[in-house]
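Comments concern the structure below.
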Amino acid sequence: MPEITTVPDAGDAGEVAERTVATGTQAWELFRDDPTIIAARVNETLRDLAYVVQDGDRVSGVAIDSPDGRAILRHSTAHVMAQAVQELHPEAKLGIGPPITDGFYYDFDVAEPFTPADLEQIETRMRRIVKEGQRFSRRPVSDGEALSELAEEPYKVELIGLKGGTGGPGGTEAVAEAAEGASVEVGAGELTIYDNLRRDGSLAWKDLCRGPHLPTTKRIPAFKLMRSAAAYWRGDERNKQLQRIYGTAWESKEALAEHLYRIEEAERRDHRRLGRELDLFSFPDELGSGLAVFHPRGGVIKREMEDYVRRRHIEEGFEYVGTPHISKEGLFHTSGHLPYYADSMFPPMQMEGADYYLKAMNCPMHNLIFRSRGRSYRELPLRLFEFGSVYRFEKSGVVHGLTRVRGMTQDDSHSYVTPEQAPGEVKHLLEFCLGLFRDFGLDDYYLELSTRDDSKPDKFVGSDEDWASATAVLEQVATDSGLELVPDPGGAAYYGPKISVQCRDAIGRTWQMSTIQYDFNQPKGFGLEYQAADGSRQQPVMIHSAKFGSIERFIGVLTEHYAGAFPPWLAPVQVQAIPIAERHHDYLREVAGRLAERGIRVEVDDSDDRMQKKIRNAQLQKVPFMLIAGDRDVEEGAVSFRYRSGDQDNGVSVDDAIERVVDAVRRRVQV
RNA sequence: GCCGCUUUAGCUCAGCUGGUAGAGCACUCGCCUUGUAAGCGAAAGGUCGUCAGUUCGAACCUGACAAGCGGCUCCA
């Protein structure tokens, strides 16, 4: 028997050992000592363990708890789910079933949407398939063979026809996602079908798939179906909606349990829930969807943010202005918004023969301020700033807590600059934004560069040259920042490209917060000009920027980031004074009075609850500091200084306690 | 906007096949006067999201609308 040489790749250790094995050796034989290996990486390509190694192959094992291993596990579980669905619902047609972050999904065309009871039934059937230990068996097929074998699967047939035709530059995110999902099915090279074979070798099920897969269904340690939902075929709302089932799969029951626990944790820090529990804000039905009211405690956070950002804008050379909430429609024609965004604006109100719109953006109004008199180059950069309340008619299905609302306040600014000043101004604004993130304790973020989609010229205005130079300015500044920069093709505003700060909250979701947009179009539309040093009239560039983005969204993200335990400087109540008995009320009122003189938000809990209950209430409200006083403390002129964490220092003098609180607030530290 | 689900007291939830509502916490009032996450008791609180329809009778069945939730699409 001829022998061939393979080179197992030791991976992280960096050691490469040569090994000579018999011809026909399959990858699994190289890893028979390691039960966590469920696939092989051969010359950078992922393969089934049934792969027959070739002379010179570099082979390393893929562990089930590695990122690739989990993706293979999840994709294999998606197959098992699809098999179970078709066994229970033979009429179901298959869409696509890729692995995703933390799980997988599979789309089905079925007459009736799945019910929770259906999901349970499917899960039960899946367990049976897992128990049967069906083998995933790879089989290359020609296009013709695939088409005839899968003639009953119209969506698969479409994907076969699509092979190589998806993706490419300029695709929207949705198309890219569909293409990504489809790539799991058809890949780039030859077509393959995976047969699920029972122990006796009979065919249980098959699916068009690029693979690789686990060796057998038995290797699925833990999974759970999460929910069903509708999704448009290939991510296009003009297509039919399929029924999608989401599931998750993990390398062990423990890992699954941890994942489910993380989901519960995320629910506990959901700002919609904390907003109610901490009495921060609400969304009264009477107002309508996506319209928030801030309660006194949420109002404190909002006010601290506003005070901060107003002061910072003034420090950074901005001038505070004010503009109304509505305008005659002509303004939004001049700005160019109406043709693009009429659907996203509240419908107009008619009055005295004119149509008035609620504003969805502030820039046109700032342009009017710029244009209100002749401007000199000496005034530039001219920087206008305000808290602009804007209203956007978000589709009913997308409204979400404070992070996607219909009425919001932007800390909006517009810098009017010469083209030469633009790079410096963009840099200035980006540094401003990053400083703000630092002060608010958000440190997990990245930049996104949103550019024009060249394949959709009707969505963008302006010349190619203008777009290219504007994009180059933003890209340069973003790159110089040294921060992670993610491209967002097609995400630009119609009038120009933008940099945005995408913030990750503690549970990994990302939100667009700050934006800096380069606009060479509106100045033209408004006929903005300044007189240059040589006496000529020149057109300024305007740079739009919002630092928080929207006050509402920022509060939502901040609430989730801190899980409601705001740092002292933002906490609605900074100190809860807790008397042990009624005779200590006056003592603590005096302490509270001294704190209030120092600008501290302090409350004395003079209810007739037990002191244990008062502590519990303060903890539940996530108050950072509790000052507790009983006989001993009064005697010593001290307090028991309890932190939110449960740590406590007893016998702290009142002077010291006040300084501790004031200092923590002043330094904006978290405690 | 699309698909599915949900809506009962301030909050979290019960309420069997249709016979017109219940708990815990919170709130109010008493009692208790307390040393590190829930003291005891009482009272009060709901035209069961809204409007129609079916029925002798609707929280429950049907429809429309509204709001919420999970996705999809969208997001200046």
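Chain letters run A, B, ... following the sequence lines, proteins first and then strands; every chain starts at 1.
- For K614(A), no side-chain nitrogen or oxygen approaches OP1 or OP2 of G39(B) to under 4.0 Å.
- The shortest distance between side-chain heavy atoms of D355(A) and K328(A) does not fall below 4.5 Å.
- Using bins of under 30°, 30° to 60° and over 60° for the plane-to-plane angle, the ring pair Y494(A)/Y341(A) lands in the tilted bin.
- Residue Y232(A) is classed as a base contact, given a heavy-atom separation below 4.0 Å to a base.
- Minimum atom distance to the side chain of N650(A) is reached by U36(B), of the listed C3(B), A76(B), U36(B).
- Residue contacts shown for S344(A) include a base, since a base heavy atom lies under 4.0 Å away.
- Residue contacts for R632(A): at a heavy-atom cut-off of 4.0 Å it reaches a base atom on one of the strands shown.
- Between the C1' atom of C75(B) and the CZ atom of R406(A) lies a distance of 13 Å, rounded to the nearest Å.
- As judged by a 4.0 angstrom heavy-atom cut-off over every strand, G496(A) is placed among residues making no nucleic acid contact.
- Residues in residues 614-628 of chain A take part in no salt bridge (Lys or Arg N to Asp or Glu O under 4.0 Å) pair, two or more places apart or across chains.
- Contact check, S396(A) against G1(B): a side-chain N or O comes under 4.0 Å of OP1 or OP2.
- The distance from atom CD1 of I580(A) to atom P of A37(B) is 12 Å, rounded to the nearest whole Å.
- Considering only side-chain atoms of R272(A), the nucleotide from U36(B), A67(B), G70(B) that sits closest is G70(B).
- The salt bridge (charged side-chain N to carboxylate O under 4.0 Å, His left out) test applied to D631(A) returns R583(A), not counting sequence neighbours.
- A sub-4.0 Å separation between OP1 or OP2 of C74(B) and a side-chain N or O of Y341(A) is absent.
- Using the six-membered ring where Trp is involved, W233(A) and Y155(A) have ring planes that are perpendicular, over 60° apart on the 30 and 60° scheme.
- Applying the 4.0 Å criterion to OP1 and OP2 of U73(B), one finds that K240(A) has every side-chain N and O outside that range.
- A donor-acceptor contact under 3.5 Å is formed by the side chain of Q648(A) with the base of U36(B).
- For L620(A), whose side chain is taken as the heavy atoms from C-beta onward, the closest listed nucleotide among A76(B), A37(B), G71(B) is A37(B).
- For U12(B), the OP1/OP2 oxygens have a side-chain nitrogen or oxygen of R276(A) closer than 4.0 Å.
- Mapping V399(A) and K459(A) onto RNA chain B by nearest heavy atom places V399(A) closer to the 5' end of the strand.
- Here D608(A) lies in heavy-atom contact (under 4.0 Å) with a base.
- OP1 and OP2 of G68(B) both lie 4.0 Å or more from every side-chain N or O belonging to R273(A).
- On a pure distance criterion of 3.5 Å, a polar donor-acceptor pair joins the side chain of S640(A) and the base of G35(B).
- Side-chain atoms of E237(A) stay outside donor-acceptor range of the base of C72(B), with no qualifying N/O pair under 3.5 Å.
- Mapping A360(A) and G397(A) onto RNA chain B by nearest heavy atom places G397(A) closer to the 5' end of the strand.
- In terms of phosphate contacts, R610(A) brings no side-chain nitrogen or oxygen within less than 4.0 Å of OP1 or OP2 of C40(B).
- In the interface, the side chain of R404(A) is paired with the base of C74(B) through a donor and an acceptor atom under 3.5 Å apart.
- Contact annotation: K613(A) side-chain N/O to A37(B) OP1/OP2 distance is not under 4.0 Å.
- Side-chain proximity of R392(A) to C3(B), A76(B), C69(B): nearest is A76(B).
- Proximity of S289(A) to the phosphate of G68(B): a side-chain N or O atom is located under 4.0 Å from OP1 or OP2.
- Counting only heavy atoms from C-beta on, A231(A) has its side chain closest to C72(B) among U33(B), A38(B), C72(B).
- Summarising the geometry, the separation between NE2 on H585(A) and C1' on G35(B) is reported as 14 Å, rounded to the nearest angstrom.
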